[in-house]
Q: 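First, the structure itself, so that you have it in front of you.
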Amino acid sequence: MSAPVDPTSAAVVLGAAYAERVRRFAAAFAAQRARASSTSGAARRAGGGDELVGHRPLRAGEDARDLDVELYARLERPFVRERRAEAGERWAIALDTSRSMGVGAPSKLQLAAEAAGALAACGLRSGARVELCALGGAGGVEIEVCSRAIEWARCARWLEARSAAAVGSSSALLAHPRWLAARRVFVLGDLFDLEPAQVLTLARCGRVVAALAVLAPNELAPPRSGAVVWRDPETQARAPVALSPAVVELYRAALQARLDAWAGAFARRGQAFAVAASQSPFEDAVRGVLSA
Amino acid sequence: MAALLLDAPAWLALLALPLALAWWTARSAVAPDEPTGALELWRAAQLEAPHAARGAWRWSPRTVFALAGLVAACLALARPVWRPRSGPVVWRVIVDARAALGLPAPTELDVRAASQTRAQRVLALAAGALERVLEQGDRVEWRLVSGEHVLATSSMLPSDWPPLDEQRCGHSAPTWERYDELGTLWVTDCGAALEPRHAGLAASGAAPTPGVVTRWPGRAVEWNGSASVELDEPAPLVALALDARRGPLGRALAAWCSARGASLCDPATCGDAAALRIEFATLDADERGAGARAGWRLAGRFGALAPSARPHSVLLAEDGPRARPLLRVERGRVESALEPDAELSGDGAAFAVSCAEAFDRALLPIAPVVALDERQRSEFPREIAPRRPADPNAPPRPLVEWCAAAAAVLAICAAALRR
């Protein structure tokens with residue numbers, strides 16, 4: 001992992017070792033999902049996904065739109081098409097590439113991109129169609145779509161082309177209509193410019209939403225003494241602060257309250273929310289958001 | 001008044017080191033610019049923080065401890081001493097008896113003081129300096145001093161010091177080091193070369209002043225600001241009682257007067273104008289004295305001379321272990337403890353030469369004389385406040401160990417603290 005410090009030059013570097021770590025992580029994720037589906041059957045369901053697994057008799061109360069009419073005509077018995085849950089799903093991964101993501105060493109963007117790559121690998125491994133979205137330099141939304149596991153390298157290259165230089169807010173990214181077609185939505189960023197409700201509006205119609213808040217070390221554990229001029233990389237606004245224990249404690253309490261609010265809101269809606277320090281391994285961060 | 005004094009204040013110059021370090025630290029302690037996505041949280045935290053916490057010290061505790069340790073070390077080197085409050089004090093003012101203090105005060109430095117003498121100006125300065133330190137119960141003792149001799153003392157401000165007679169005596173400056181004590185104030189005209197460690201100082205300042213730079217009977221040399229010119233002067237008067245002129249001392253004096261051009265006069269008539277007085281002690285009825293010197297001997301009835309605190313020399317002392325002074329010489333006066341008609345034996349010529357040397361030493365100029373280098377001197381006024389002496393019943397407490405211990409503790413704290 002690289003360790004960019006200057007937000008203006010914070011870029012993403014994904015090495016060969018990263019690819020191997022992602023492969024192992026995706027394999028482990030797939031194996032875990034397979035075990036879960038074999039025990040509960042929950043992963044299999046009628047309709048929804050694109051990959052056809054087989055047929056089974058229609059059960060009372062099931063949606064009649066999944067009824068295989070041709071089979072019913074031939075056999076005069078109602079069968080429904082059975083599909084794998086992720087098969088044909090769309091996973092949308094929103095990556096915050098605003099300037100504030102360049103903070104930290106390694107930068108918050110580095111971990112968010114690594115997590116996005118790992119999520120993409122997991123999705124592709126599960127047969128899902130993965131859409132990676134990020135704000136572009138001109139304020140527009142840049143999208144990369146991968147449908148097959150073999151295309152993961154393209155996702156990685158796309159991620160490596162990201163840098164913490166985008167203008168615009170994450171709320172503009174979440175307003176993109178592409179999310180409406182996704183079954184799983186992952187929001188990766190520092191989330192300082194978002195409120196839980198803005199993300200949780202996507203958690204409708206059976207859509208699963210997960211958010212990963214990536215914070216820099218100096219945001220999670222600021223120094224307790226000295227003086228610093230805090231600067232917002234996006235607005236360039238500055239706040240000179242004398243770091244007394246009282247001030248630092250107030251900051252930490254405010255940050256904890258904010259993270260608790262996010263976690264509480266997501267828990268109430270049955271969605272996943274995780275917090276990660278930018279220097280932590282992506283595996284831990286991704287496990288947190290895949291838990292939903 | 002209790003006071004913190006320093007025995008070696010020169011070491012305080014080392015305070016420049018922590019000051020420079022503090023300046024450098026303050027410069028380098030300019031708050032670093034750090035990016036964060038949580039700027040609003042910081043702003044809110046700062047607004048909610050107590051006011052005292054908002055203005056927290058910008059330097060790290062380690063820096064503060066290190067700087068404080070250095071300051072304490074410098075203080076320890078300066079050897080601080082705590083002097084407890086003392087009781088009433090007798091302030092001693094040592095007034096320079098040199099004739100130069102009778103010169104006019106420098107007019108270019110203070111126009112209002114144009115009519116003042118240096119002595120008048122500096123005595124006023126001294127009175128002002130004392131007024132600032134005097135406390136209830138304190139007293140002031142003014143002393144007119146030449147060398148180690150106290151010529152006069154006064155408990156009131158002696159605005160007419162030094163008297164004209166004393167100026168004519170050509171006194172030297174006080175032995176200042178002898179009076180370098182707390183509770184003492186030195187009073188002179190030229191203080192640039194004086195560095196009292198404990199005493200205060202008041203100096204009037206000086207400016208080149210033309211005038212007579214040397215005198216001898218009938219002649220004088222005057223410096224007019226650029227050159228020296230010789231002047232005629234009236235003959236000096238020598239006072240000797242008529243009934244004493246027949247004795248050996250009177251005859252020697254008469255011979256010396258004719259050689260020097262001086263005139264003999266009766267003490268009752270010439271008054272203060274006499275440049276030399278020959279005086280005889282009141283005789284005791286049955287006491288005799290005798291003394292010998294350089295081949296001559298003088299013997300006769302004896303009367304003890306009154307003790308003199310003025311600079312003097314003994315021309316003839318009594319034989320034997322008592323060695324009482326028989327002939328005493330000081331500026332403007334020759335005193336004899338023997339009767340005027342004492343018996344001279346031995347070498348009369350040697351006696352005349354000894355007397356002539358003594359008369360030459362004792363003869364006063366008819367007016368004060370100030371040496372050329374003193375007339376040419378130029379200095380600004382100077383003042384060092386006198387300091388109150390310690391109470392002998394409450395001995396001073398050295399604080400060196402405490403300062404050193406504080407420096408050590410602070411240094412350990414600085415080393416132990418995280419940056």
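Letters go in sequence order (proteins before strands), and every chain restarts at 1.
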Q: Where does A:Ala239 contact chain B at under 4.5 Å (heavy atoms): side chain, backbone, both or neither?
A: both
Q: Within 45° of the ring axis of A:Trp158 and under 6.0 Å from its six-membered ring centre, is that where the NZ or CZ of A:Arg162 lies?
A: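 Geometry flag: set, cation within 6.0 Å and 45°.
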Q: Examine the side chains of A:Gln236 and A:Asp232 and answer whether a donor and an acceptor come within less than 3.5 Å of each other.
A: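 Looking only at side-chain atoms, A:Asp232 and A:Gln236 do not form any donor-acceptor pair under 3.5 Å.
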Q: Can you say whether A:Arg238 sits under 4.5 Å from chain B via the side chain, the backbone, both, or neither, judging by heavy atoms?
A: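 Both backbone and side chain.
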Q: Taking NZ, NE, NH1 and NH2 as the nitrogens, is one of them in A:Glu160 or A:Arg157 under 4.0 Å from a carboxylate oxygen of the other?
A: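 Between A:Arg157 and A:Glu160 there is no salt bridge, as every charged N stays at least 4.0 Å from the carboxylate O atoms.
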Q: Between A:Ser98, A:Pro223, A:Pro245, A:Ala237, which has the largest tally of heavy atom pairs under 4.5 Å with chain B?
A: A:Ala237
Q: Measure distances from B:Ala44 to the heavy atoms of chain A and classify the residue's part below 4.5 Å as side chain, backbone, both or neither.
A: neither
Q: Hey, can you pull the donor-acceptor pairs under 3.5 Å for the side chains in residues 13-20 of chain B, sequence neighbours left out?
A:
none

